[in-house]
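In the text below, chain A, chain B and the rest are named by the order of the sequence lines, each starting its count at 1.
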Amino acid sequence: MSEHTKNIPETPSLDGVEARWMQRWEADGTYRFDRTATRDQVFAIDTPPPTASGSLHIGHVFSYTHTDTVARFHRMRGKSVFYPIGWDDNGLATERRVQNVTGVRCDPTLPFDPDFAAPFNGDVPKDHRAIPVSRPNFVSLCHGVIHADEVVFEQLVRRLGISIDWSFLYTTVGPRAQRVSQLAFLHNLARGEAYQQDAPTLYDIDERTAVAQAEMEDRDVPGAYHKLAFHRSDGAGDLLIDTTRPELLASCVAMVAHPDDARYQPLFGSTVRTPLFEVEVPVLAHHLAEPDKGTGIAMICTFGDTTDVTWWRELNLQSRALIGFDGRMAIETPEWITEPAGRVAYAQVSGLAPKQTQRKIVELLIESGEMLGEPRPISHPVKFYERGTRPLEIVATRQWYIRNGGRDETLRNALLARGEELTWHPAYMHNRYQNWVGGLNGDWLISRQRFFGVPIPLWYRLDGEANPLYEEIFTPDEAQLPIDPSVTCPAGFTEDQRGKPDGFVGDPDVMDTWATSSMTPHIAGGWIDDPDLFARVFPMDMRPQAHDIIRTWLFGSVVRSHHEHGCLPWSNAAISGWILDPDRKKMSKSKGNVVTPINLLEEYGTDAVRYWAASGRPGVDTAFDEGQMKIGRKLGTKLLNATKFVLGFGAPPADAVPTAALDRAMLARLADVIDESTRALDEFDYARALERTEAFFWWFCDDYVELVKGRAYGTQGDDAAHSARAALRQALDIIHRLFAPFLPFVAEEVWSWWQEGSVHAASWPDAAPLVSLGDVSLLVPVSEVLAAVRRAKTEAKLSQRAAVEELTIEGPASALAAVEACRTDLAEAGGVTEFTLSEGPALMTNVRLAPSTDVRTPH
RNA sequence: GGGCGCAUAGCUCAGUUGGUUAGAGCACCGCCCUUACAAGGCGGGUGUCGGGGGUUCGAGUCCCUCUGCGCCCACCA
């Protein structure tokens with residue numbers, strides 16, 4: 001340990017440490033990935049790419065801190081840490097912003113206009129009608145907006161002191177991500193893992209796009225049972241059904257009841273006429289019909305819900321879809337309504353939106369007397385797009401899918417096995433994965449009828465009438481990627497054949513944002529353009545993320561890696577919880593209860609905010625708590641002061657070693673702390689590691705330093721002083737390193753006062769040399785006696801400086817031996833003149849204070 | 001309907017394979033300008049460990065059951 005303690009400031013302060021050290025780390029390349037390291041020497045992290053628009057969220061601070069502590073730990077253990085980050089900028093959020101800011105909307109059927117300029121930049125008048133632009137024009141506007149956002153956002157993330165290697169920054173809509181995403185898709189296609197299907201699909205009528213199962217949620221919404229009368233063809237009366245969606249009546253294709261339901265068995269095979277529209281439909285049997293739901297018999301419509309789809313498929317029914325992509329009823333009266341009265345009725349709902357249709361139908365049914373009684377209000381779960389406002393409708397569309405086990409038992413089992421293979425932190429999060437994979441009811445729908453994303457890199461042949469032949473696919477050459485099929489044409493064609501008879505047309509869709517972000521290990525790791533790097537980092541070690549996106553990001557990544565490489569993309573999933581406000585509600589923008597972390601970082605300092613974050617147990621939703629930040633701030637200040645004090649004793653001679661029993665016991669206790677902290681961090685339990693280090697540190701300051709400071713000053717001679725100083729410095733050196741992952745700024749600050757290089761490049765402490773140095777059990781009775789002395793003085797309302805005339809200690813031999821071994825230190829720290837030791841069953845301490853000090857001076 | 005998690009001091013939470021009198025911090029109260037730190041230090045009170053039952057020499061910890069809260073999933077006529 002070299003003696004260059006001249007860097008210690010007069011009054012240590014936390015102010016400015018962030019700016020100072022952030023700059024230094026950047027200049028020195030402290031967190032740069034060493035790409036000469038081989039795979040076994042690397043610790044690779046698949047960092048969540050945040051959405052760069054908007055502001056930094058407290059949840060980012062929370063979970064990114066967790067990951068960073070682990071990253072710093074592994075770096076100190078000698079790994080080359082691959083810690084990249086990217087911005088997730090593709091997708092709907094960006095589109096919405098661009099539409100609002102520039103006053104345009106995307107119309108993918110339009111041709112690219114190289115001279116187009118957006119009509120607005122920020123203030124779009126209320127009455128402005130959005131100007132339609134081509135997809136390439138729209139995409140270019142999107143790029144402009146996100147670039148500005150990302151510059152700002154990077155500064156915010158840097159402020160967190162996360163030890164990212166910024167040279168690996170990527171975006172999910174950038175050329176590299178597009179290339180990775182498109183190539184992976186083409187591989188999926190070539191291997192048969194990607195396929196297209198024209199089928200009923202859950203569809204958001206506002207966003208005008210198909211939605212994957214993973215992006216749906218159930219919401220309880222009010223509805224009502226309407227009792228409708230269907231008329232038996234044999235004239236024997238009416239058949240009553242209950243429906244919550246009378247507006248679908250015109251799409252009714254059949255009636256269905258359970259095969260064992262005696263009430264309806266006689267009707268199976270017969271037909272009934274629908275009310276209002278007078279369409280003849282068959283009465284059928286199917287086991288999914290529930291006898292005790294409603295009247296036990298249901299109308300099947302194409303399509304009211306996913307059960308309708310099942311019935312439609314399994315009973316080979318006709319398709320009578322009337323709801324369009326905009327959710328409105330078809331304009332033309334459908335040909336299956338043949339009765340004049342029925343056609344008149346339909347004309348009244350033609351072109352109406354779902355709610356209007358329902359109102360009108362109910363009105364007509366009441367008039368005709370075919371609705372019995374009043375609608376009975378209920379509350380029932382309905383599927384929504386998670387960011388949508390109106391219920392999803394089911395519309396038949398052609399979409400692309402990637403196989404994810406939802407329709408294939410073998411694949412499902414293989415993916416469940418991947419889940420077993422993955423190490424989950426905390427372990428119970430594995431349940432969510434199993435739950436999700438086990439409950440899949442279809443493959444992964446990856447095509448979106450959106451614009452700002454990674455285009456599906458395909459073209460289709462057009463027939464003689466310019467209709468697409470979807471089975472005749474043209475794929476681009478790998479070297480061409482990334483491509484936008486709306487501006488590039490397939491090999492063997494020229495641009496003037498686009499959209500023409502016997503020509504080609506590009507796929508108009510983009511991929512689901514998760515279809516790209518499921519490839520983050522590949523994007524960050526240079527799968528295509530840097531195979532050397534990829535071999536050093538893949539499969540990665542750690543995927544940190546929140547629990548709400550296990551079904552999307554985590555599962556999607558497992559699916560893609562399983563298909564592409566036949567392995568997991570990483571070995572550990574570290575799942576963080578959410579931030580709850582003090583009322584235990586999830587903090588989110590929509591609830592309006594978010595706190596802006598920047599203010600917190602400024603008020604308490606980054607380390608203090610990180611301290612709060614690192615106290616949140618892995619996977620556990622954690623309450624936002626400024627109190628913890630105050631404590632973190634206090635801890636940082638304490639570390640400054642304690643370091644200054646300890647270094648102030650001066651360095652012992654180079655060959656000095658701890659000889660005193662107390663010093664050696666302290667170091668042995670520290671060995672235990674190193675052990676526990678190391679084990680905890682190895683298991684991604686940063687919170688436990690911090691807690692142990694912190695507890696030790698406060699004991700070290702409060703008891704150990706107080707006991708030895710006199711001796712360290714030299715009150716017991718040089719040898720004794722050297723032992724204390726050697727132990728103090730040794731402990732300090734370790735404490736700084738143990739805190740480094742948690743309080744990176746203050747740890748670096750104090751380290752810089754007396755050490756060479758960055759603490760973050762220093763080695764993680766090793767417990768081995770300290771373990772057998774001393775007897776930890778010595779410390780307990782010594783601390784107890786010290787506390788007893790302090791208590792006596794406090795109770796006597798005396799200063800801690802007050803002298804103790806006699807200290808009588810009764811206790812077991814081991815305790816007495818401990819006290820004896822530290823007698824002089826105890827005497828100095830407690831101001832004790834005389835010790836009397838005697839054996840007894842339990843440790844008891846009697847403190848006789850000196851009478852001369854037992855008087856309080858007036859002021 | 002299925003699954004998971006949580007329930008410990010007024011508050012936020014520890015309590016690792018069952019092992020003495022259940023811990024920390026905050027808050028509250030008291031004392032102390034002690035030569036690192038008064039935006040500090042020292043000390044103090046506070047618990048039917050959600051209820052009930054069981055296993056055990058011994059249960060906050062393991063098993064069963066009930067209750068409450070939260071989350072995930074589910075084909076929602």
Looking across every strand, which nucleic acid part, if any, lies under 4.0 Å from [X] by heavy atom: base, sugar-phosphate, or nothing?
X         : answer
Asp220(A) : nothing
Arg692(A) : base
Asp685(A) : nothing
Ala289(A) : base
Glu683(A) : nothing
Arg679(A) : nothing
Glu691(A) : sugar-phosphate
Gln434(A) : nothing
Trp612(A) : nothing
Cys701(A) : base

Side chain of [X] - closest among [options]:
X         : options                : value
Phe645(A) : C75(B), A36(B), C72(B) : A36(B)
Ala623(A) : A74(B), U12(B), A77(B) : U12(B)
Tyr713(A) : A77(B), A36(B), G41(B) : A36(B)
Thr794(A) : C73(B), A77(B), C31(B) : C31(B)
Arg688(A) : G15(B), A74(B), A36(B) : G15(B)
Ser799(A) : A36(B), A77(B), C32(B) : C32(B)
Lys709(A) : C73(B), A36(B), C71(B) : A36(B)

Report summary line: Taken to the nearest whole Å, CZ/Arg801(A) to C1'/C32(B) is 10 Å

Query raised in the report: Taking atom types as modelled, is there a side-chain donor on Ser615(A) or Glu691(A) under 3.5 Å from an acceptor on the other?
Result: no

So does [Y] get a backbone contact from the side chain of [X], meaning a donor-acceptor N/O pair under 3.5 Å?
X         : Y         : answer
Asn431(A) : Tyr428(A) : yes
Tyr604(A) : Ile631(A) : no
Asp308(A) : Ile300(A) : no

Query raised in the report: Quick one: do Asp305(A) and Arg245(A) make a salt bridge, cutoff under 4.0 Å?
Result: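 Answer for the salt bridge query: no.
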
Could you list the protein-to-nucleotides 5-11 of chain B atom pairs, N/O on both sides, closer than 3.5 Å?
none

Does any nucleotide pair with [N] by Watson-Crick or G-U wobble geometry, both distances under 3.5 Å, and what is it?
N      : result
U34(B) : none
C75(B) : none
C13(B) : G23(B)
A39(B) : none
U48(B) : none
C69(B) : G5(B)

Would you say a side-chain N or O of [X] is under 4.0 Å from OP1 or OP2 of [N]?
X         : N      : answer
Arg551(A) : C72(B) : no
Arg432(A) : C72(B) : no
Arg790(A) : G43(B) : yes
His430(A) : C4(B)  : no
Lys638(A) : G41(B) : yes
Lys383(A) : C75(B) : yes
Thr244(A) : A77(B) : yes

Requested in this report: For Leu440(A) and Asn404(A), work out which heavy atoms get closest and say how close.
Outcome: CD1-O, 3.6 Å

**Report entry** Minimal non-hydrogen separation, Glu393(A) against Pro354(A), with atom names
**Finding:**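 Residues Glu393(A) and Pro354(A), closest heavy atoms: OE2-CG, 4.0 Å.
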
Query raised in the report: Distance under 6.0 Å and angle within 45° of the ring axis: does Arg432(A) meet both against Trp424(A)?
Result: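 Output no; distance or angle outside limits.
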
Report task. Spell out protein contact along nucleotides 20-27 of chain B as letters: B when the base is contacted, S when just the sugar-phosphate is, - when no protein heavy atom is under 4.0 Å; keep the 5' to 3' order. Result -> -----SS-

Mind checking whether [X] and [Y] have parallel, tilted or perpendicular rings, split at 30° and 60°?
X         : Y         : result
Phe649(A) : Tyr713(A) : perpendicular
Trp699(A) : Phe696(A) : tilted
His430(A) : Tyr433(A) : tilted

Query raised in the report: Knowing that exactly one of Leu315(A), Val309(A), Leu317(A) qualifies, which makes a side chain to side chain contact (heavy atoms under 4.5 Å, CB included) with Arg313(A)?
Result: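 Output: one option passes, namely Val309(A).
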
